[in-house]
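Numbers restart at 1 for each chain; the letters A, B, ... are given by sequence-line order, proteins then strands.
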Amino acid sequence: MSFRIIVLAKQVPDTRNVGKDAMKADGTVNRAALPAIFNPEDLNALELALRIKDQRKDCEVIILTMGPFRAAEIIREAMYRGADRGYLITDRKFAGSDTLATSYAISLAVKKLEPYHLVISGRQAIDGDTAQVGPQTAEKLSLPQITYAEEIAEVSEKHIVVKRRLERGIEVVKSPLPAAVTVHSSAPACRQRVAKLLMKYKHARTVTELQNETKDYTELYDQRPYLQIDEWTVDDLHADVAMLGLSGSPTKVKKIENVVFAHKDSKVLSASDEDINNLMKDLIDSHVIG
Amino acid sequence: MNNIFVYCELTEEKTIADVSLELLSKGRRLATELGVKLEAIVIGSDLKRIEDQVFPFGVDVVHVADENRLFPYTTLPHASLVLHIFHHEKPEIAIFGATSIGRDLAPRIASALRCGLTADCTSLEIGDHFENKTQTEYKNLLYQIRPAFGGNIIATIINPETRPQMATVREGVMKKEVFDPKYKGQVKKVNVSAVLRDEDFMVQIIERHMEASKINIKNAQVIIAGGYGVGSRENFQLLYDLADVLGAQVGASRAAVDAGFSEHERQIGQTGVTVRPKLYIACGISGAVQHRAGMDQSAQIISINTDPNAPINHIADYTIIGSITDVIPKMIRYYKANSK
Ligand SMILES: Cc1cc2nc3c(=O)[nH]c(=O)nc-3n(C[C@H](O)[C@H](O)[C@H](O)COP(=O)(O)OP(=O)(O)OC[C@H]3O[C@@H](n4cnc5c(N)ncnc54)[C@H](O)[C@@H]3O)c2cc1C
Ligand SMILES: Nc1ncnc2c1ncn2[C@@H]1O[C@H](COP(=O)(O)O)[C@@H](O)[C@H]1O
């Protein structure tokens, strides 16, 4: 039996670059201006998985992602860096899922991939920073969880030793396998694409993507079945629809408010010596500084 | 209606962590508003008279699970004990710190109970809800309020159907306030050995190094905060120079941290530290709602920004239109020449 690692990865809008250009005049984010990226800590997670693969010949790294059709992009991205294959969980019925419903769907997909040794995810996705899906998936699979991993110090068939990065220090823990690990951004950065793998996997597609291709891939796929990225729907997962999407999500958004700035009467100053000197004088005189 | 529960964390010195005392303070207010009791959970070892630390915050009942394997924190035994208590007590509301521990534990609990959890709330309130689809009226729900991705947007999240209503809150967001120094509640000892199984200890800690954080911006009187507009790690040095002469601390926006200009411990905002200094100087920070959530209670705000229309300027007392590379050296020069 191979040593199987399942990496959970999410495609997210790049909230780190919500600069001025990404904002619309009304103060809301122009999503179209935000590129969709591989969630940063999921790349750290992939790297930790690939490092195990570097050490063990029998290791297989599988990427699992839930999202719209285009999320297949990050499965290919992971393949270019060394992942063996990937599955895209996609279905309209998943829309509106909160972290509880998401972890339910992901846990069903992980079960389909039994037997596995490790489920590795990022600590948190930058679109919500919730850090909930990792522990929730662990709970649904009755796995022990090791959060905030920075390094995997040791792996055997039966155990794993992990260094964790906490707010005020580090901890090294040992857990039996299978286990769930969430990875912190202080873990090593992910390796770059490998040219050979880029050549090998550049035609990897999901069924849906193939339908939209003008070229006929039938022959290529007969020869190279590994190019097929599987899509799993609610039916494939035998999921209980009541536990998915909006109905399976106990958190509801009651309202969304645009923050109206409580405008202060801001004194506007220039960068001239005079303006700055006057300001500093005021601050010193009023004992705010000094 | 059932009661409000706060999971209390322990520091290395086995005192109740500040974040938990802050949550007890908020919990007390919510409990009084709802006319229910405030209950605390403390899990650890050698917890002699730990109740004395929580009663002044208005705790009516404290559940204490005391056993030598329960400190330091590990996920599975703490989760089993919290779930055991929740199964019996059926809390209405449960609040956890948005800390390494709380963010490890709360999602595990929420998943096991299939209930909703909102991370990093910046405000908690009580309110009603009318569900149009089902024509159902819900009284006294917990409004879990946090900035949402999507610009200057604040979202109010509710869990109409599931209990407990769960939320995590970062340290410093709520105010720590003693309710009554003489307040006395009741202690309930948890029968730990009856709840825990050997499997709960399958993850072992084999090494541990904790250090006191060197960076302490939470209690600083003056904060010089830099954003993406500072431009580089080298330019950030200007902020340190100004902080040095003013005796201030340096903070950062998430964009500055992500760009590698500053350490994560200095991040201010919804997912960083919340600060309330006398003076906050925002340098090259646009003022996204997630950032403002952590600093808008500063007594005075100065914004230094090249963009006259940057949102931060609207909450600033002074706005200096200019580049930080120009303005900060001038501030340092004047202060050096004129302070006593
Ligand atoms: C779930 C989530 C949680 C988040 N949590 C946080 C959080 O805790 N804290 C936080 O800060 N952000 C947080 N963010 C990010 C937040 O939405 C913004 O993206 C971020 O605060 C922007 O940082 P900034 O103002 O430094 O950068 P920008 O928005 O890029 O602003 C840069 C500013 O610098 C000005 N500037 C440029 N050059 C100069 C110069 N030479 N001199 C002076 N000014 C100049 C520009 O005019 C601009 O106003 C979070 C986002 C999400 C989605
Ligand atoms: N839709 C998804 N598909 C795959 N993995 C996910 C998904 N959502 C969350 N994850 C994983 O769970 C981690 C935490 O996500 P979050 O709870 O949203 O902050 C992420 O870093 C991913 O590894």
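Using a 4.5 Å cut-off between heavy atoms, I276(A) touches chain B through its side chain atoms alone. For S270(A), the part sitting under 4.5 Å from any heavy atom of chain B is the backbone (N, CA, C, O) and nothing else. For a residue to count as touching a neighbouring chain, one of its non-hydrogen atoms must lie under 4.5 Å from one of that chain's; by this rule L166(A) touches chain B with backbone and side chain alike. For K281(A), the parts lying near chain B are the backbone and the side chain together; criterion is any non-hydrogen pair under 4.5 Å. Neither the backbone nor the side chain of N278(A) comes within contact range of chain B; no heavy atom of the residue lies under 4.5 Å from a heavy atom of that chain. Only the side chain of V161(A) comes within less than 4.5 Å of a heavy atom in chain B; its backbone stays farther off. Interface remark: D258(B) contributes side-chain atoms only to the contact with chain A (heavy atom separation under 4.5 Å). Residue D98(A) does not touch chain B at all, counting heavy-atom pairs closer than 4.5 Å. For D265(A), the part lying under 4.5 angstrom from a heavy atom of chain B is the backbone only. Heavy atoms closer than 4.5 Å to chain B are found in the backbone of S272(A), but not in its side chain.
Between Y334(B) and L279(A) there is no side-chain heavy-atom pair separated by less than 4.5 Å. Side-chain contact between V173(A) and I206(B) is absent, with no heavy-atom pair separated by less than 4.5 Å. For the pair R103(B)/Q124(A), a side-chain contact is recorded, criterion being any heavy-atom separation below 4.5 Å from C-beta on. Between R168(A) and T11(B), every side-chain heavy-atom pair lies at or beyond the 4.5 Å cut-off. Here the side chains of M280(A) and K330(B) are not in contact, with every heavy-atom distance at 4.5 Å or above.
A distance of 12.5 Å separates CG of L283(A) from OG of S339(B), quoted to the nearest 0.5 Å. Atom CG of residue L76(B) and atom CD of residue E139(A) lie 10.5 Å apart, to the nearest 0.5 angstrom.
Between the side chain of Q136(A) and the main chain of A110(B), no donor-acceptor pair closer than 3.5 Å is present.
When M331(B), E161(B), K278(B) are compared by the number of non-hydrogen pairs under 4.5 Å with chain A, M331(B) comes out ahead. Interface check for chain A: of the options I109(B), L117(B), V222(B), L279(B), the most heavy-atom pairs under 4.5 Å are formed by L117(B).
In this structure, R254(B) pairs ionically with D129(A), as a charged nitrogen and a carboxylate oxygen lie closer than 4.0 Å.
Judged as a ring-ring contact (aromatic ring centres under 6.0 Å, His included), and not counting sequence neighbours, H291(B) has no contacts.
Within residues 36-44 of chain A, no residue has a heavy atom under 4.5 Å from a heavy atom of chain B.
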